[in-house]
Amino acid sequence: MDDIKVEVLFENGAYYEGFVTGVMEKEVLVSFPNNWYPETQFNHENVRLPLSDDQCSTEFIVNQEIEVKLVREPHYGWIKAVIKIISGNPPSQFVVQYFNSTVVEIVSPDKIRCSNINSHINGNTFYMFDIDVPEDVRETAKTNGIHKDFQKAIAASRVFYNPDRSVLSVISRSPLTSKRASMLADMHFRNLNQNVTVLMKTGKLAKQLKNSKQQFKSSSYTDEFNVCNNLIGLAIGTRGTNIKRARRIDGITNIELDKNTGVFKIYGENKDAVMKARGILEYKKEFLQVPRHFMGKVIGKNSRNIQDIVDKSRVIEVKIVGDDETQPTIPREEGQVPFMFVGTVERISNAKFLLEYHLERLKKLEPFSQEIIGMKQELCSNSPSQSVAKYFHSTVTEIVSPDEIKRSDSNGDTNYTFDIPVPEDVREFAKTNGIHKDFQKAIAASRVFYNPDRSVLSVISRSPLTSERALMLADMHFRNLNQNVMVLMKTGKLAKQLKNSKLQFTSSPYTDEFNVCNNLIGLAIGTRGTNIEQARRIDGITNIELDKNTGVFKIYGENKDAVMKARGILEYKEEFLQVPRHFMGKVIGKNISDIKDNIIENSGVIKIKIVGDDETQSTIPHEDGQVLFMVVGTVESISNAKVLLEYHLEHLKEREQIRKEIIRIKQVLCSNPLSQSVAKCFNSTATEIFLSDEIKCSDINGDTFYTLDIPVPENVREFATIDGIHNDLQKAIGALRVFYNPDHSVLSVISCSPLTSEKALMLADMHFRNLNKKVMLLKKTEELAKQLESSKLNITSSLYTDEFYVLNELMGLAIGTRGTNIERARGIDGIKNIELNNHTGVFKIYGDNHYALRKARRILEYRKEFLQVPRDFIGEVIGKNGSNIKDIIENSEVLRLNCLQTSGSFVPKQVVFSVFVRKPVPPISW
């Protein structure tokens, strides 16, 4: 019932406790204790969840928002107020002022509680659905408590029969309940008649089956898992359907499979998408132990029960492992028979859930059946049996007379109340608040309190067994009261000492600790402590401590995000970056302009210091030919400075490479012999790899793309149109594409990451300043290229060449009918010539670019490979009339697929087929 407990806002501004009995789209139906208010529908905005135990606190301070108990017999509610004055130590009275009112009232500690910060419920808080009840069990379904086991198994908050519509109505806090209910419904209805028979014979079963809430723990997040070799085919699916289905999930960016090890790697944008894809691909084999004497009932007549489990869970296979199967990997226990399940993790979980539910029911019914048989035997004897009387009259009624145990029904729950006389010498101590908590816990009671008017301990419980436990422990409890009071008094003194020492933040769920160097402590604290004050104002931060002697900061907060945000403000570091010595001047710039404008201002670091050669501290890393730049700032600002400096160095290295190429070309032009390597320079590696028609954007997998525009300064717009001029920027910011839009005079950027925009804005100014220099170098290179062309260098030596080998028996397939394959390959744009040595089977392909060579090679290269097929699977692989093998041939486009024969006997171990290569072609020679 706790799961459906809520608090409802009434017109007087107070929240009253109730229970959800119905769920509509924007409303819930709520009933109230003892029906003091009629069952009514309330909007979601007026309903909230009650306070949980961990949200309650007994410590209060002045000006704290609280809630005051508003008692209006026979019910009470909670209304918001503010504490104005606290009297007593410990507090005995509170002066409170109600919200939106001038009314001030004095209340006792038992009439206040912490403010309920739970938000209002919504459409995802409660779920309600109906299950049609078969006509033959509708009368049985009306029996009180008959659905308790079913409610427990599906983890529902409430299950009840609605006779008007002949359905079982289910209310739950979890969306998974409906799925489990649909799996178990048929089994539950079949068992109803048998359950009622047992209930009628025992008369006590319904009281013993109480609702114990079950919470389902989600699998821990991972993006890598292993599948057994014999299950890889199931994981991939027919023609790769499972992998394709997993790749179509929103948020999945890529899925990789290493077929040698059976390891899947899933890449996604969020945890939910990755776990959903894993649920599709992860196949396993698990074992569940079943008691041998339950084997027949678990399998059922004509295998009905086990088949029902297979159908509902949709596992691939359920196998009963025989005693003759002695593999060491199969777990075995004495008196148990292993059941092997094969399927996805979710399906195996469902199968185990169904089987465990069935076993639990069988185990519960077994003792009742044995007890009934024993009772019948005793009843047939001449003298009355004491054990029979115990069975029918209950242990409680033998120890406590019936008039001393009061039974009451509230909201469907049965409560038992009884009193225990308190000895006179401990009645004073029995009044102490909280002195009976251990006793209450030991006897599993709902409440234990002292009644001074009648000098008794009053006990309220949901179990009839509590009275027996209470009477056993009462004497021991009263003997220990004096000692308990002394301990409580001593504990109270220690609590005051703890409070005075202000150890208030140890309960914070998130704590972080880091160290700041002594020379950076001032930066971390900030002017007059501004940084610490800024961090403390972050929502969720409870306290920040600093040990100035050690430089250790400790941050306490209510959530991880708040703590990490505060750490980002306070954590200052100094890091060293390596810069090539010959780039020093260009990195610093004229009058320190480059390092100041480009890096310090854009990254937000405090300072950048060049470490001289004379500073030879052992703690400073140093490499030959490099100069150290010491960067001081927060972790985030240092990371930004690294990005900016690395981009600037990359640009300088590229310019240096171009200058060296220009010098080399001039030297070639001045020499007499022709040079092949000169021509290579002018084919532009970048344009070969990043052709515009090869950059494609796709939304096949539901990927999210981020687009932004960067205004281009007027003085560089002419250069921004040059093809490939923005490749370095694209690479540095990790974008998918960067191109100039002349209509709007902007650089358009497309990326899969939201961080790209931040990097782009940091690097934009530097990129535009470098455009002029880069264009001048490109123009100079272009002029030299024209000089080379005019000097009529022989370009035939710059052709791409590829060479591969084809078996003699496959040569006809490679050539094709009347040479059709070779003609097709020669017709590809960029192919200059194809040569074939018929004696050795070696093909040589000449072309303008390696893309054309790769395409021609795929047409001409034929191979023969061997695949191993387990002997047990050969029939299923071939299929009826060879249907499966034909599908493989048609879909894979192989030319032939033959089963090997050895010595006249069929050996279905190897399958041979010829197939053109789909792997990347080996490196191409010039």
Side-chain angles (χ1 to χ4, degrees), residues 577-580 582-589 593-595 597-599 602-603 629 639-664 680-697 706-713 715-742 745-753 755-782 784-785:
L577 303 180
Q578 305 280 349
V579 175
H582 58 283
F583 285 157
M584 273 279 293
K586 296 176 181 176
V587 168
I588 297 172
S593 58
D594 287 356
I595 202 165
D597 299 339
N598 297 341
I599 298 176
N602 290 327
S603 66
F629 279 46
S639 176
N640 293 338
K642 282 184 178 180
V643 172
L644 292 165
L645 186 58
E646 286 169 0
Y647 172 77
H648 194 38
L649 287 173
E650 196 68 30
H651 169 70
L652 293 173
K653 290 176 183 177
E654 183 188 359
R655 285 172 53 190
E656 184 183 44
Q657 195 68 26
I658 295 175
R659 285 194 178 92
K660 288 181 180 179
E661 193 71 22
I662 291 172
I663 294 170
R664 191 180 60 80
K680 174 184 174 182
C681 174
F682 300 103
N683 286 325
S684 176
T685 306
T687 55
E688 285 176 18
I689 298 173
F690 298 101
L691 293 173
S692 58
D693 58 348
E694 291 179 4
I695 300 177
K696 298 177 181 178
C697 294
Y706 299 86
T707 305
L708 69 144
D709 294 329
I710 305 172
V712 179
N715 60 328
V716 295
R717 290 176 186 171
E718 181 181 355
F719 306 133
T721 58
I722 298 174
D723 188 30
I725 198 71
H726 309 293
N727 283 349
D728 288 343
L729 178 65
Q730 176 178 321
K731 179 181 177 182
I733 65 177
L736 296 176
R737 191 182 177 200
V738 176
F739 60 93
Y740 178 64
N741 187 335
S745 300
V746 294
L747 273 189
S748 294
V749 180
I750 301 174
S751 172
C752 283
S753 170
L755 300 176
T756 301
S757 59
E758 185 177 354
K759 295 179 182 177
L761 294 174
M762 283 196 299
L763 293 175
D765 292 340
M766 190 184 298
H767 175 63
F768 293 138
R769 281 199 297 274
N770 293 333
L771 276 184
N772 285 328
K773 299 176 183 178
K774 187 179 288 187
V775 169
M776 290 175 62
L777 289 172
L778 288 173
K779 285 183 176 181
K780 196 167 186 179
T781 306
E782 188 177 350
L784 291 173

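Both backbone and side-chain heavy atoms feed into the values below; hydrogens, waters and symmetry mates do not. In what follows, residues are counted from 1 in the order of the sequence shown.
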Step by step, work out the side-chain contact (heavy atoms from CB on, under 4.5 Å) result for I710 and F768. CA-CA 11 Å; I710 305 172; F768 293 138; 4.0 Å; yes
At their closest point, which heavy atom of Y740 faces which heavy atom of V746, and how far apart are they? CD1-O, 3.4 Å
To the nearest 0.5 angstrom, please state how far the OG atom of S748 sits from the CG atom of N741. 5.0 Å
With sequence neighbours excluded, tell me which residues meet side chain to side chain donor-acceptor pair (under 3.5 Å) with S745. none
How far apart are the closest heavy atoms of L736 and C752, and which atoms are they? CD1-SG, 3.5 Å
Can you list everything that forms a side chain to side chain contact (heavy atoms under 4.5 Å, CB included) with S603? Sequence neighbours excluded, please. I599, V605, N640, A641, L644
Working for side-chain contact (heavy atoms from CB on, under 4.5 Å), residues I595 and F629: CA-CA 11 Å; I595 202 165; F629 279 46; 3.3 Å; yes
Mind checking what makes side chain to side chain contact (heavy atoms under 4.5 Å, CB included) contact with S753, not counting sequence neighbours? S751, L755, T756
Just to verify, what does K642 make a side chain to side chain contact (heavy atoms under 4.5 Å, CB included) with, not counting sequence neighbours? E575, L577, I638, E646
What pairs with D765 under side chain to side chain donor-acceptor pair (under 3.5 Å), at least two apart in sequence or on another chain? none
Looking at CG of L652 and NE2 of H582, how far apart are the two atoms once the value is rounded to the nearest 0.5 Å? 8.5 Å
Given side chains that start at C-beta, do those of L747 and D709 come closer than 4.5 Å, heavy atoms only? no
What pairs with T707 under side chain to side chain contact (heavy atoms under 4.5 Å, CB included), at least two apart in sequence or on another chain? I750
Closest heavy-atom contact between A720 and I725? O-CG2, 3.9 Å
Without swapping roles, check the side chain of R717 against the backbone of V712 for a donor-acceptor pair under 3.5 Å. yes
Of the non-hydrogen atoms in Q730 and R737, which two are nearest, and what is the gap between them? OE1-CA, 3.7 Å
Of all heavy-atom pairs linking L763 and V643, the shortest is CD2-O, 4.4 Å
